[in-house]
Amino acid sequence: MGEKMLMKGNEAIGEAAIKAGCRFFFGYPITPQNELPEYMSRRLPEVGGVFLQAESEVAAINMVYGASCAGGRVMTSSSSPGISLKQEGISYLAGSELPAVIVNIVRGGPGLGGIQPAQSDYFQATRGGGHGDYRTLVYAPSTIQEMVDLVMMAFDKADAYRNPVLVLGDGILGQMMEPVEFPDEPPPEPLAKPWATTGAEGRPPNIISSIILDPELLDKHNWHLMEKYEQIRKKETRWEIYDPYEAEIFLVAYGTMARVARAAIEAAHSRGIDCGLVRPITLWPFPERAFDELADRARAYLSVEMSTGQMVDDVKIAAAGRAPVYFYGRAGGVVPSPAEIVKKIELIFEEIKGGSKRA
Amino acid sequence: MGEKMLMKGNEAIGEAAIKAGCRFFFGYPITPQNELPEYMSRRLPEVGGVFLQAESEVAAINMVYGASCAGGRVMTSSSSPGISLKQEGISYLAGSELPAVIVNIVRGGPGLGGIQPAQSDYFQATRGGGHGDYRTLVYAPSTIQEMVDLVMMAFDKADAYRNPVLVLGDGILGQMMEPVEFPDEPPPEPLAKPWATTGAEGRPPNIISSIILDPELLDKHNWHLMEKYEQIRKKETRWEIYDPYEAEIFLVAYGTMARVARAAIEAAHSRGIDCGLVRPITLWPFPERAFDELADRARAYLSVEMSTGQMVDDVKIAAAGRAPVYFYGRAGGVVPSPAEIVKKIELIFEEIKGGSKRA
Amino acid sequence: MTYQVIMAGFGGQGVMLMGTLLAYAGMLEGKFVSWIPSYGPEMRGGTANCMVVVSDVEVASPVVTEPNCVIVMNRPSLDKFERVLLPDGLLIINSSLISKEAERSDIRVLRVPCNDEAMAVGSAKVANMVALGAYLAATGAVSFESVEKSLKKALPERRHDLIPMNMEALRRGASYVNR
Amino acid sequence: MTYQVIMAGFGGQGVMLMGTLLAYAGMLEGKFVSWIPSYGPEMRGGTANCMVVVSDVEVASPVVTEPNCVIVMNRPSLDKFERVLLPDGLLIINSSLISKEAERSDIRVLRVPCNDEAMAVGSAKVANMVALGAYLAATGAVSFESVEKSLKKALPERRHDLIPMNMEALRRGASYVNR
Amino acid sequence: MRKIFERPKSLAEAAQHYCPGCTHGIVHRLVAEAVDELGLAGRTIGVSPVGCSVFAYNYFNLDFVQAAHGRAPAVATGLKRVLPDRVVFTYQGDGDLASIGAAEIVHAAARGEKITVVFVNNAIYGMTGGQMAPTTLVGQKTTTSPYGRQQEVAGYPIRVAEMLSTMEGAAYIARVAVISPQSVARARKAMLKAFTAQLEGKGFSLVEVLSTCPTNWGMTPVEALKWVETAMMPVFPLGVFRDWEVGEA
Amino acid sequence: MRKIFERPKSLAEAAQHYCPGCTHGIVHRLVAEAVDELGLAGRTIGVSPVGCSVFAYNYFNLDFVQAAHGRAPAVATGLKRVLPDRVVFTYQGDGDLASIGAAEIVHAAARGEKITVVFVNNAIYGMTGGQMAPTTLVGQKTTTSPYGRQQEVAGYPIRVAEMLSTMEGAAYIARVAVISPQSVARARKAMLKAFTAQLEGKGFSLVEVLSTCPTNWGMTPVEALKWVETAMMPVFPLGVFRDWEVGEA
Amino acid sequence: MDKRVVFDEERCKGCELCVTFCPKNIIYLADRLNRQGYRPATVTEQEKCISCAICARMCPDCAIEVYKH
Amino acid sequence: MDKRVVFDEERCKGCELCVTFCPKNIIYLADRLNRQGYRPATVTEQEKCISCAICARMCPDCAIEVYKH
Ligand SMILES: Cc1ncc(C[n+]2csc(CCOP(=O)(O)OP(=O)(O)O)c2C)c(N)n1
Ligand SMILES: Cc1ncc(C[n+]2csc(CCOP(=O)(O)OP(=O)(O)O)c2C)c(N)n1
Ligand code: SF4
Ligand code: SF4
Ligand code: SF4
Ligand code: SF4
Ligand code: SF4
Ligand code: SF4
Ligand SMILES: [Mg+2]
Ligand SMILES: [Mg+2]
């Protein structure tokens with residue numbers, strides 16, 4: 001590891017990408033992620049890469065498509081409305097099995113909404129806001145250091161699985177500064193990409209396409225993709241359980257919210273209620289196994305989100321009726337405070353003391 | 001009711017819209033829904049309306065936005081990739097609380113995919129493929145007549161709730177002909193829209209916008225929207241239970257797939273296994289209550305989809321661990337046959353005979 | 001009774017219209033009906049087919065995976081659809097264009113020289129009606145009168161003079177049943 | 001110990017830099033730190049603030065909702081942030097620009113004429129350092145030496161001649177503590 | 001004593017949030033003056049973009065719609081098709097109109113959509129903090145062209161007025177500036193004429209206004225006006241590019 | 001005995017799916033001939049659109065990428081930026097390029113993106129069954145302009161070559177037809193020149209080819225060629241609109 | 001004497017556009033701050049004003065009214 | 001005699017573009033159908049062919065090869 005630096009999240013993402021060998025960035029300005037393209041516009045020319053401000057998010061994601069076809073390590077970033085515009089392109093990347101890293105520094109919606117931090121693009125990120133049956137790995141870091149580590153990993157996973165990988169942050173993670181270290185080692189030799197369209201000299205032509213008009217063949221292609229996603233589910237699901245007090249109530253939170261949740265857990269502890277935290281690090285695949293592990297113990301789950309309630313669906317699926325699932329959230333850029341969360345925890349505590357196991 | 005006509009689904013949607021008082025259509029060609037804009041281009045000028053082929057799906061949804069601001073009854077339609085491009089616009093419509101009807105005649109994906117019928121945009125339709133916390137009513141007709149009825153209703157609900165409403169069909173529903181009747185009565189007097197931007201003569205200016213930079217206010221706006229969605233959930237959830245044999249195994253299917261499921265149910269019956277069907281008519285709100293009704297009886301659910309598995313998530317949430325949830329699906333334009341489904345039913349029958357209640 | 005039929009041929013042989021007329025006639029007789037076309041990108045041309053269901057009960061699945069009749073107007077359609085026919089099902093072969101015989105022995109086969117009969121009544125275009133006539137005679141799915149009424153609905157007024165020729169083609173097709 | 005501070009003022013008063021220096025210094029001392037700015041559309045100008053946490057333990061929430069210190073460099077910031085300060089917390093008021101007194105009585109208040117002291121050392125631009133000096137003297141969150149090191153990192157080489165002036169401002173601010 | 005200059009009626013009292021010396025404010029006034037002079041206040045609907053002028057709806061006493069980034073021409077089209085006897089205008093920045101919204105503006109012009117477009121070209125993205133715009137000059141430094149816009153990498157500025165003048169649907173297209181009393185007076189005439197084109201049903205009309213962004217250009221407001229003249233005008237010459245009354249200009 | 005005409009090496013053996021007499025096939029051959037003549041086969045990457053030519057990748061012996069509808073120029077940009085020493089071209093229809101992809105083509109030209117665009121203008125949407133295109137002529141009947149394109153409602157055809165010629169980044173822009181041996185010969189030269197512009201790093205190049213759609217026009221292939229000449233060419237005049245060797249043409 | 005040119009000081013952002021273009025050179029920024037924190041433009045020598053309204057037409061914030069006697 | 005102009009009949013779609021442009025007017029559509037169902041273009045009077053390759057250059061399906069002696 002190199003020297004510790006105090007770095008803004010958006011810039012740390014940029015540096016992490018460069019450290020991971022990313023040399024191509026196509027993006028379009030939008031708050032609160034502007035420092036990322038700005039950083040890339042300074043740094044990429046220094047390392048022989050290309051920064052290009054696209055005419056729109058739609059163009060940017062399609063430039064990413066082209067650069068990925070050419071075998072480049074490539075990235076784009078945006079915030080909520082811009083990510084909506086990329087949905088067709090993301091579906092194409094998944095359909096054509098192309099690697100790419102896409103960063104969403106989420107802000108409040110819907111519509112133009114606001115520019116303060118939010119987590120209201122969870123559904124879009126995990127369920128494929130685009131059309132068709134596809135999935136993308138979704139990393140949800142909760143510190144700048146973790147963001148760096150996951151962004152670097154994202155490039156490798158994208159290449160390994162030939163699939164787009166999303167990194168979901170929020171305005172706070174993008175704008176915040178925290179100490180961060182980058183590995184000293186040079187990036188690993190990138191995977192060979194014999195499928196890339198680099199000119200057919202000395203080999204039969206390579207073709208990259210997602211159109212398959214024959215339903216039987218398209219069905220087959222879809223199941224091939226699902227098998228790949230199943231592999232990802234098996235091997236790449238990540239989560240963290242924070243359980244200092246052997247709790248019966250578990251908060252479920254990711255990203256910035258998970259940090260506030262930890263503060264709330266301490267506050268609740270000081271008021272005599274012990275809680276733990278399930279922190280999904282991959283939002284897709286969702287760590288259902290964490291809930292299986294806790295099944296014997298957890299008497300209630302509380303999904304805490306900077307949204308009006310999205311991840312709570314996955315918590316319900318994962319809990320599978322084995323414990324009631326509660327929700328607390330604020331939207332539009334308001335970050336729930338530890339105090340608010342503790343209040344909700346107290347209510348739940350009262351309820352489950354009553355003994356009912358279903359919400 | 002008027003005379004029975006044999007009509008193509010796409011054209012029936014167009015006529016239903018006109019009967020419901022829709023006078024504005026903005027769209028962009030894409031298979032398998034082209035007959036709908038084509039029908040509108042012929043018919044709307046006849047009734048004093050406007051058909052406009054937009055330069056893209058993005059432009060089309062934003063024209064819809066403008067027409068809705070002006071108080072017009074307005075519609076657009078597309079198929080999967082085109083609907084992905086509309087996601088930002090749909091989020092804006094929801095954010096600004098504007099009525100509009102959006103038809104998706106789903107085809108196989110992801111990417112360019114194919115043009116045969118599919119149901120792989122379920123997630124996108126029900127979870128908001130766009131950014132932010134919003135929902136849209138989603139109707140899923142399974143006959144052309146029901147399509148007509150729901151399309152007409154969609155306009156009323158869109159106005160009543162000031163929210164976009166989706167109609168989710170598939171290539172078969174769009175291309176198929178079935179007998180259909182239209183009501184004779186003229187459309188009801190449309191709701192007054194005092195909020196519309198029609199020129200501020202004699203009143204203070206109206207403003208339609210979705211930007212709210214103050215997080216507290218945006219949070220409030222989001223919860224206001226959620227309350228509206230809660231109302232919709234309470235009042236507009238629709239489903240049908242088909243249960244001729246007092247079954248213990250229930251198929252869950254919508255649209256075209258629900259019809260095939262009924263054929264499968266008959267076939268299974270003739271092989272000695274009795275099944276029923278839960279057919280969601282609104283996909284959002286999902287009819288969780290149907291599952292509560294069946295909770296005492298159902299020993300297994302089988303979600304059957306023309307996809308690799310999307311609605312199955314909602315079935316799991318609705319079943320809430322009270323019965324195991326199975327899935328069978330084909331993708332890319334292949335419609336699962338009754339025979340395939342019966343095979344799956346037989347497997348489930350074997351399994352639950354074993355007695356385990358969780359999948 | 002539920003009639004499930006697949007009709008297939010070259011684009012231009014009128015298989016879509018043939019299916020539509022059957023469905024329309026069924027509707028006029030108060031039956032439950034559905035019709036699904038195959039569809040594809042404009043420039044691909046080639047073969048076309050449709051699936052029709054005519055039934056006394058509500059049509060469960062409009063997708064015909066186990067037809068009790070298949071009508072093939074050209075060779076590629078025979079190759080593609082012979083195998084999906086139910087055992088004991090009816091295969092109508094346009095023998096004007098298809099010299100090959102059916103391969104299966106567990107089905108009923110009716111060879112009708114549709115194009116030849118059509119030319120005989122005055123236009124190759126009514127080959128589809130010859131086939132339909134044979135189908136109706138063999139199954140009684142709908143009556144000739146209903147088809148005639150459907151033709152009146154389906155054809156624009158100025159083409160109604162063609163109806164007699166179409167009906168004649170229908171009758172010629174029918175004449176191939178039980179000879 | 002966990003220091004949670006909100007610093008607020010007009011854009012241009014250097015509150016962002018002040019917070020950054022504190023965080024940087026904390027990092028150099030091996031502490032856990034975080035810094036969050038307020039951000040908004042470019043053209044809105046007006047007030048700016050940041051939240052800094054310096055702690056011996058991992059920073060749970062970087063969002064400071066219950067600060068134990070608030071530094072306000074202008075009047076609107078006082079109005080906005082006085083009320084969020086924890087009881088017994090420290091409120092540092094730039095008395096050069098804010099004549100109003102604090103309203104609460106359950107807090108500690110330190111009035112420092114930051115702009116005046118800054119002018120005295122040579123530039124209105126170091127008013128932020130005066131405030132930071134007062135904060136450090138009052139809390140001991142980080143050492144002056146660490147701030148000096150941070151300045152070396154934060155300022156470009158060609159501006160290092162400004163460091164002595166900044167340090168002098170820091171000391172002047174410190175002199176307002178416990179007088 | 002006679003008041004010879006006051007705020008136009010259609011311009012709201014509300015203080016504007018623009019930076020000191022930003023000429024967005026002048027352009028707002030010119031729009032309001034045109035609406036007032038033609039007596040259109042009660043039947044005009046404005047469409048604001050995403051950009052510094054996103055809140056334009058607060059500054060006019062008119063019905064207003066806020067559109068998605070770049071889509072104001074499409075939104076205006078929807079409005080106008082439902083309300084053909086109303087007057088509809090969009091107010092858009094260079095990022096909004098010429099970058100993400102390039103397709104929408106080209107097609108509104110091609111369709112001869114009877115709307116008026118006020119296009120504020122300040123060669124930069126103001127709202128998001130000074131990134132490169134499609135109208136950024138070669139060599140100009142922005143936060144995403146930190147080494148100056150290099151034509152080899154990022155190409156050349158788009159001349160919107162010239163580009164749209166190739167469209168038969170365009171009735172009136174002009175480029176003006178607001179950097180001096182004289183240029184403001186000419187801009188005022190252009191604005192009037194653009195709305196007149198719409199009123200008379202002649203087709204699409206657009207006024208491109210060379211405007212300043214002192215904040216992101218890093219200049220004083222007065223320096224910024226000079227820069228419009230010395231740096232922008234050579235690349236974006238002023239003039240009338242299409243005028244239905246005189247044929248293609 | 002000497003073979004004096006044979007299939008160019010870069011054109012694949014595969015039978016093409018185009019309708020009888022559709023001139024997409026001629027344009028394909030011209031592209032392959034240019035690639036062969038310049039010796040670029042091993043280092044050329046094609047980008048096919050969504051449209052009848054979506055399967056172009058099957059018809060060339062070249063690396064190929066299939067792009068989302070309208071986005072071929074953006075995809076080509078991505079390819080070219082990673083592989084600056086390779087030759088990249090897009091092949092696009094009028095719906096793809098001039099309608100949904102209008103922003104992408106305008107910006108590729110403005111950036112002076114070093115790619116070659118083959119733009120097949122057949123005044124209609126072929127693949128989806130004959131809907132109106134942005135290049136559909138006024139009065140022309142299509143499935144979405146059943147009463148003929150009415151300029152009052154649907155505006156005027158976009159002249160892409162003229163529009164893009166306002167861009168400084170465009171090195172070569174020409175409009176050709178493939179309706180006679182003579183016009184095919186000229187089209188061949190234009191194609192060569194367009195690829196040469198890219199090879200020499202001069203900037204963006206585009207050849208607009210007036211092409212037929214007998215199927216959706218409802219004409220025989222031979223009638224369709226005539227219609228190009230009598231109906232399309234008056235609206236879309238042939239010529240060279242920009243040429244880096246002679247300045248703006 | 002009645003004023004010819006009246007500044008809405010709270011609206012003024014001190015941009016100096018009026019200062020720059022006044023043909024009589026009589027506008028200057030006052031030595032005080034308004035509530036927004038800007039030094040507002042002002043005129044002392046009202047009698048020198050020719051009521052040309054150039055200042056008002058150049059003011060982005062519509063902070064100037066002009067009168068004629 | 002060796003042929004000057006050779007048609008790949010299975011590739012031909014009978015569009016008649018070659019027929020239209022042959023300066024010698026020697027191409028016609030044969031009276032049979034190929035496997036695709038089209039009447040293929042053909043030349044009987046090979047000796048009249050001047051090997052101008054105009055037919056080949058107009059053929060959208062690259063179905064023609066031309067030889068010169
Ligand atoms: C889809 C989408 N992309 C990006 C943004 C972020 N954004 C807001 S304003 C803006 C550009 C503003 O520049 P311009 O249009 O030139 O207007 P100005 O502020 O200069 O007046 C951008 C990119 C957004 N809100 N939505
Ligand atoms: C996003 C999206 N919108 C629409 C379509 C449907 N679509 C396929 S091809 C096409 C138009 C083709 O017309 P053109 O580009 O002129 O090519 P041609 O077929 O005429 O050669 C359209 C609209 C699509 N595939 N994707
Ligand atoms: S950022 Fe620029 S364009 Fe925006 S208000 Fe400020 S000066 Fe004007
Ligand atoms: S539909 Fe038209 S453009 Fe497409 S292949 Fe057929 S003739 Fe050519
Ligand atoms: S009206 Fe004219 S003379 Fe008077 S202050 Fe304004 S600019 Fe100066
Ligand atoms: S132009 Fe207006 S805002 Fe600027 S200094 Fe003068 S009065 Fe103030
Ligand atoms: S080569 Fe020339 S002369 Fe010979 S057949 Fe072809 S067109 Fe006719
Ligand atoms: S031009 Fe080609 S395809 Fe057409 S008829 Fe002649 S040989 Fe056949
Ligand atoms: Mg701008
Ligand atoms: Mg076309």
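Every chain is numbered from 1, with letters handed out A, B, ... down the list of sequences. Remember, predicted model here, so these are calculated numbers, not experimental data.
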| Contact check, side chains of A:D313 and B:D313, non-hydrogen atoms, under 4.5 Å | no
| Max heavy-atom pair count under 4.5 Å with chain B, selected residue of A:G329, A:P81, A:S80 | A:P81
| What part of B:E216 is in contact with chain A, defined as an atom under 4.5 angstrom from a non-hydrogen atom: side chain, backbone, both or neither? | both
| request: Could you check if a side-chain atom of A:P110 sits within less than 4.5 angstrom of a side-chain atom of B:L225, using non-hydrogen atoms only? | output: yes
| query | So which of A:P215, A:S209, A:G114, A:S307 has the largest heavy-atom pair count under 4.5 angstrom toward chain B? | reply | A:P215
| said: Does atom NZ (B:K220) have a neighbourhood of more than 12 heavy atoms from anything else shown, all under 6.0 Å? | reply: no
| Of all of A:G89, A:S91, A:G333, which one pairs up most often with chain B through heavy atoms under 4.5 Å apart? | A:S91
| message | So which residue, B:Y134, B:W223, B:Y122, ends up with the most heavy-atom pairs under 4.5 Å with chain A? | response | B:W223
| field | Identified side chain to side chain contact (heavy atoms under 4.5 Å, CB included) partner of A:I115 from the options B:L218, B:I211, B:L213 | value | B:L213
| Got a second to check how far B:D219's CG is from A:M306's CE, nearest 0.5 Å? | 11.5 Å
| field | Donor-acceptor contact below 3.5 Å, side chain A:Q87 vs main chain B:S84 | value | no
| Between A:V335, A:I83, A:N222, which residue shows the highest count of heavy-atom pairs closer than 4.5 Å to chain B? | A:N222
| message | I'd like to verify something: which residue of A:G95, A:G109, A:G130, A:S120 has the highest number of heavy-atom pairs under 4.5 Å with chain B? | response | A:S120
| note | Whatever's closer than 4.5 Å to a heavy atom in chain B on A:T308 counts as both
| query | To the nearest 0.5 Å, how far apart are CD in B:E88 and CD in A:E57? | reply | 7.5 Å
| query | Pick from A:L85, A:N104, A:V106: which one has the most heavy-atom pairs with chain B under 4.5 Å? | reply | A:L85
| query | Are any of the side-chain heavy atoms of A:R135 and B:F123 separated by less than 4.5 Å? | reply | yes
| Looking at CD1 of A:I212 and CD of B:Q116, how far apart are the two atoms once the value is rounded to the nearest 0.5 Å? | 13.5 Å
| Minimum heavy-atom distance between B:G111 and A:H131, given as atom pair plus value | O-NE2, 2.7 Å
| Nearest atoms (heavy-atom pairs only) where B:D133 meets A:G309 | OD1-N, 4.2 Å
| remark: Under 4.5 Å to a heavy atom of chain A? For B:Q310 that would be side chain
